[in-house]
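Here is how names work: the chains are called A, B, and so on, in the same order as the sequence lines, proteins then strands, and each is numbered from 1.
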Amino acid sequence: MSYAYLFKYIIIGDTGVGKSCLLLQFTDKRFQPVHDLTIGVEFGARMITIDGKQIKLQIWDTAGQEAFRSITRSYYRGAAGALLVYDITRRETFNHLTTWLEDARQHSNSNMVIMLIGNKSDLDARREVKREEGEAFAREHGLVFMETSAKTAANVEEAFINTAKEIYEKIQEGVFDINNEANGIKIGPSHSPTIPGGISGPGGQGSAQGGGCC
Amino acid sequence: MISGLQIALKNAIDVIAPPATPLQDFTYHWKQLMNFYVNHLNDAKVSIERTSIPKHLDHLLRLLLEEEKNGDEPGPCLEYTLQHRLLDLLATLASAETPPGMRLVCLSFLRKLLTKSKHPLLHQAAIYGSVQRMIAMCNGNLASPIENEEIQFLLCLCFLVCKYPHVTNIVNDSSNVAQDGEALHCSIDKSAIDKVTYIPARRMKNANTLFKPLNTQAITLMNPDLFKTGKHRPYHVDSVNKSSSQSEASQENKQPKHVQNAITRSNSSSQSSRSSRDVEAASESSSPVAQQPIDNIPNRVPEEAEDDTRASENLYKVSKEVESSKYDPVVAALNDIKDLRINEECLSSNGDEKSDQNSKHDITFSSSRNPEHSKCLLLDSLKSYINSADNTIRIRACEGIMVLASLDDPFFAEIIAKSDLSTILAKRLEVLFNLIPAQVESSDIEDIEVTWGLDSPLLINEKKFPGYQRVAAFFMWMDFLAQLSREAHSDVAEILAQTIRISFFEKVLTHALSAHHAILITALVTKCLKNIPTSPLSIEMGRWLVGQQRVPDIPDVWCCPVLHRLIENCFTESDDLITETLKLFEAMIEKRDEHILHCLVLTYLNTRGYYDNSAADSAIASWSDEEDERVREKKGCMDITEGTSHSRTLAPSNIHRILNCFLSLLPRQLQTESDSNYGRYMGNWEKEYSIIVKNCALLAWPLEAVTLDDSASSDSRPEIDNCANRFYPGPFLSMLLDKISGIPKQKYEINLHLTILISKLALLPHPYLHEFLLNPLIPLTPGKKSLFICLQRLVKQLANEVPKIQNYKLILKELRLEMFNDCCAQESSDNKTYSRSKEEETLLESVIIVEEFCKELAAIAYVKYHHST
Ligand SMILES: Nc1nc2c(ncn2[C@@H]2O[C@H](COP(=O)(O)OP(=O)(O)O)[C@@H](O)[C@H]2O)c(=O)[nH]1
Ligand SMILES: [Mg+2]
């Protein structure tokens with residue numbers, strides 16, 4: 001299918017917070033209570049529409065396991081967006097957010113949009129992390145925040161789509177260099193960009209940062 | 001023969017006791033599963049989908065997982081599984097692939113059990129043995145329709161190794177001990193293999209590795225208390241399996257001496273259909289017996305198809321003994337690592353034939369048959385998939401390797417470091433490199449997306465230009481190696497990086513840089529350099545590029561062959577090669593690698609030999625007469641810790657005079673822009689400079705350029721003595737200055753990249769480099785050139801020659817318009833208003849280049865000044 005843009009996402013967070021379920025809910029609109037443990041990196045894709053434009057989301061679901069982070073780090077590099085997930089019923093998954101965030105910031109490009117997600121909102125009775133705490137963390141670190149439930153599908157669409165909107169806005173503002181695929185954004189096959197900041201200035205082959213000589 | 005199997009199966013069934021419900025259920029399903037074999041002794045070729053085996057296995061798995069919900073204690077089903085070694089039998093059936101498809105089902109069963117169980121099952125003797133045998137069945141060198149399940153299984157083991165780091169020993173391949181009990185116990189496997197499979201002897205001989213004796217594993221538990229309730233905590237005892245024929249036979253055995261209770265000998269070869277158990281059995285008798293042809297072996301099938309509980313009992317006895325001896329296996333192992341080396345001749349010809357016959361890979365190369373193994377069964381198995389034609393399988397194998405290599409366990413890391421892993425990985429790089437077609441355009445290289453993971457361009461099947469896939473495959477692998485060297489345990493990473501330097505960069509690339517397709521090669525090297533993140537590999541690449549030696553070269557004596565070659569390449573006839581090489585140098589500068597910068601430029605400037613000290617006293621311009629004595633005494637030793645002090649070298653108080661030097665260098669009549677607008681370059685440089693300053697802070701460069709005291713220098717560093725007379729800017733800077741002089745005759749592209757390169761050098765916050773490139777006011781040692789001197793001479797030449805061209809002012813204006821509206825340059829070149837020859841055009845273009853370059857230099861000088869104040 002043709003698309004105007006392709007955005008690469010990565011889903012990160014501790015094991016068992018519901019990353020794979022969120023992905024499945026978003027791509028297949030179903031919930032699978034018993035999910036195989038993610039080992040290595042898995043992949044999902046879905047088309048969405050923003051501003052009348054078809055956008056393909058290519059989503060990388062990672063293993064939360066510590067030792068698998070070595071693999072995850074390779075995927076940060078090409079990601080335009082990240083969903084950082086914790087489980088509202090397990091405080092330790094919230095406590096680990098800082099480590100995840102550091103890892104992500106260190107290995108991704110600085111423009112990557114990060115969405116903080118408190119998952120399993122359907123289990124309000126067993127809640128260990130207050131909504132306000134999530135909000136506060138997000139504010140402090142400049143993230144977007146949302147509570148979701150992969151089980152009831154609450155806010156799942158929104159989480160993925162709002163992240164895409166944010167990326168889209170950054171493209172419009174010219175923050176993202178869409179010609180650099182390392183940013184996790186690709187222009188669709190049949191799409192000519194009308195976005196500012198695309199073509200480099202005079203002396204095109206001079207490197208973008210250097211400005212070139214003339 | 002048939003009766004052997006029957007007895008075995010009967011035993012497996014008979015020991016069942018009738019207890020509580022889940023166990024009853026469990027044994028029922030097990031019995032049913034076994035019944036298949038009893039009923040199908042002669043026609044076990046029916047495909048597994050048509051049997052009830054998968055269904056029963058599902059039930060068994062469900063029951064095992066369900067009983068876990070009842071508490072932390074292992075439930076009766078698990079105990080039953082362990083006690084009766086059900087998994088062992090499954091492994092045997094899987095190995096025999098009876099019925100067809102059994103292996104797939106067993107792999108999946110075991111994977112699910114291991115990942116879903118909350119108990120760390122892997123260190124149970126009854127489980128790891130089977131697991132090891134299953135690992136050994138996973139061989140990527142053989143065509144297998146179930147590759148995917150195999151790799152999933154291996155990855156799941158990697159996961160478990162990370163989850164329970166103390167189980168690394170389990171996946172290590174050391175050789176097995178033939179303990180009496182175990183040997184007895186193994187009769188089941190043996191008979192099962194002998195009877196249940198229907199592999200014609202001829203095929204066995206050549207191709208079937210399934211039946212090569214497996215190295216089942218000895219284990220040292222690092223944390224025996226892990227499995228809290230494990231009543232049976234069997235220790236296996238490590239030993240050396242002196243197998244003369246098997247490639248697995250260790251070359252250096254790392255197991256503790258204490259535990260070499262038994263040294264087994266066997267002449268097993270991969271053509272043999274014996275299981276490892278047979279080997280063990282055989283090894284009890286002396287070697288001549290073991291050397292009898294395979295066909296005789298079955299006769300020796302012991303009547304000892306004994307109750308396997310007895311076998312386990314024996315094993316437990318052994319374990320008690322070992323336990324009581326109370327040694328620390330880890331310490332012992334580490335102590336013994338150095339002196340215990342058993343060199344074995346490894347016979348690999350059988351293996352070779354096999355990999356040839358069964359190869360289904362895109363690439364086959366000799367080192368895949370390298371007989372060295374890592375002693376890590378799991379790693380060896382993963383390694384065998386890295387040449388898989390299936391990208392996904394290969395990436396999974398890479399993931400597994402990365403996980404194992406990054407385990408934070410020095411003992412395990414050493415095993416990996418000493419293995420042939422890095423050789424094999426580097427070899428593949430070479431093979432992929434050699435597959436790149438020579439017609440690929442160097443200009444296409446730059447835009448290739450480089451990532452090794454599942455999002456690699458190779459998987460998307462794009463074909464942007466002919467040969468794209470192959471170039472992408474090369475970079476995909478390079479990226480994996482770079483990431484691996486970054487993530488791996490430092491011991492592993494270093495070996496890996498060095499191996500790549502020696503066996504790829506030095507062995508393959510060095511030569512290629514002077515060969516036929518040097519342009520493409522240079523572009524490839526540039527791309528590699530840009531994409532390799534700071535890591536042991538980037539360090540090794542730097543060493544390859546500029547050499548390992550850190551002392552300055554003497555003029556015309558070359559130490560580093562690669563640097564030498566690159567500089568030679570800048571003086572060839574080929575404009576494209578020059579351009580590509582300048583781009584490579586640019587990438588080298590941009591890398592901000594301490595070693596590269598040191599060897600390329602800094603080592604030549606650090607003595608300040610270009611600076612004329614005698615003239616300094618009379619010179620008003622240099623900052624040095626304004627500097628106060630306090631600064632002078634510090635001799636440039638100030639470092640970043642004194643972050644508040646500003647460098648007076650980088651930010652001289654007479655900055656405006658300096659700017660003026662650059663901006664008024666070109667005579668008015670040659671300038672195409674009246675207002676000398678250098679400000680437009682400032683924004684970019686400013687942004688970049690603040691990043692560079694941050695990056696370079698760690699390099700601890702001196703803050704000020706100071707001349708070392710004569711007395712001090714002659715004492716400590718005689719070579720500096722009289723350095724002024726011998727000042728040599730080094731091959732790289734000399735080349736750049738030569739190229740500056742050559743500007744009027746060089747093509748636009750070359751000049752463009754030359755000036756970019758120098759600008760980037762000038763931007764570095766290094767005081768000597770700064771003086772040499774950006775301060776026209778310093779007193780220069782007589783007879784020596786600085787950048788500014790070269791520019792002055794160049795301008796003089798231009799001022800002489802350009803006015804000879806008719807209408808030069810108008811042509812300059814026209815050219816400027818063309819150059820700045822890059823896109824329409826091509827079309828407009830046809831309708832030139834003013835005629836000029838090619839040479840004239842090149843000359844005039846160079847005027848504009850110089851004009852802009854001077855502005856750039858002014859902008860940089862100002863940015864640095866501004867940043868420091
Ligand atoms: N109640 C509830 N359970 C969830 C939700 N999301 C995931 N789970 C459960 O949490 C467990 C772990 O989910 P999984 O997606 O595998 O986590 P991952 O390791 O982060 O990929 C599974 O058993 C899911 O059924 C949710 O939104 N609500
Ligand atoms: Mg998952």
Of B:E399, B:M402, B:E487, the residue whose pairing with A:S74 passes side-chain contact (heavy atoms from CB on, under 4.5 Å): B:M402
Taking every non-hydrogen atom, the tightest pair across A:F68 and B:F159: CE1-CA, 3.6 Å
Over 12 non-hydrogen atoms of neighbours within 6.0 angstrom of CZ in A:R91: yes
Toward chain B, the part of A:I71 with a non-hydrogen atom under 4.5 Å: both
Contacting moiety of B:D479, where chain A heavy atoms sit under 4.5 Å: side chain
Interatomic spacing from CG in B:L114 to CG in A:L37 - rounded to 0.5 Å: 12.0 Å
From B:R486 atom CZ to A:R73 atom CZ, the distance as rounded to the nearest 0.5 Å: 7.5 Å
A:E42/B:R396 ion pair, N-O < 4.0 Å: yes
Part of B:T451 lying under 4.5 Å from any heavy atom of chain A: both
Heavy-atom neighbours of B:K118 NZ exceed 12 at 6.0 Å: yes
Reported CD1-to-CD1 distance for the pair A:I39 and B:I151, which is rounded to 0.5 angstrom: 12.0 Å
Over 12 foreign heavy atoms within 6.0 Å of CG, B:D408: no
Proximity breakdown for B:K116 and chain A, heavy-atom pairs closer than 4.5 Å: side chain
Beyond-backbone contact of A:Y75 with B:L454, side-chain heavy atoms, under 4.5 angstrom: yes
Region of A:F43 in contact with chain B, defined by heavy-atom distances below 4.5 Å: neither
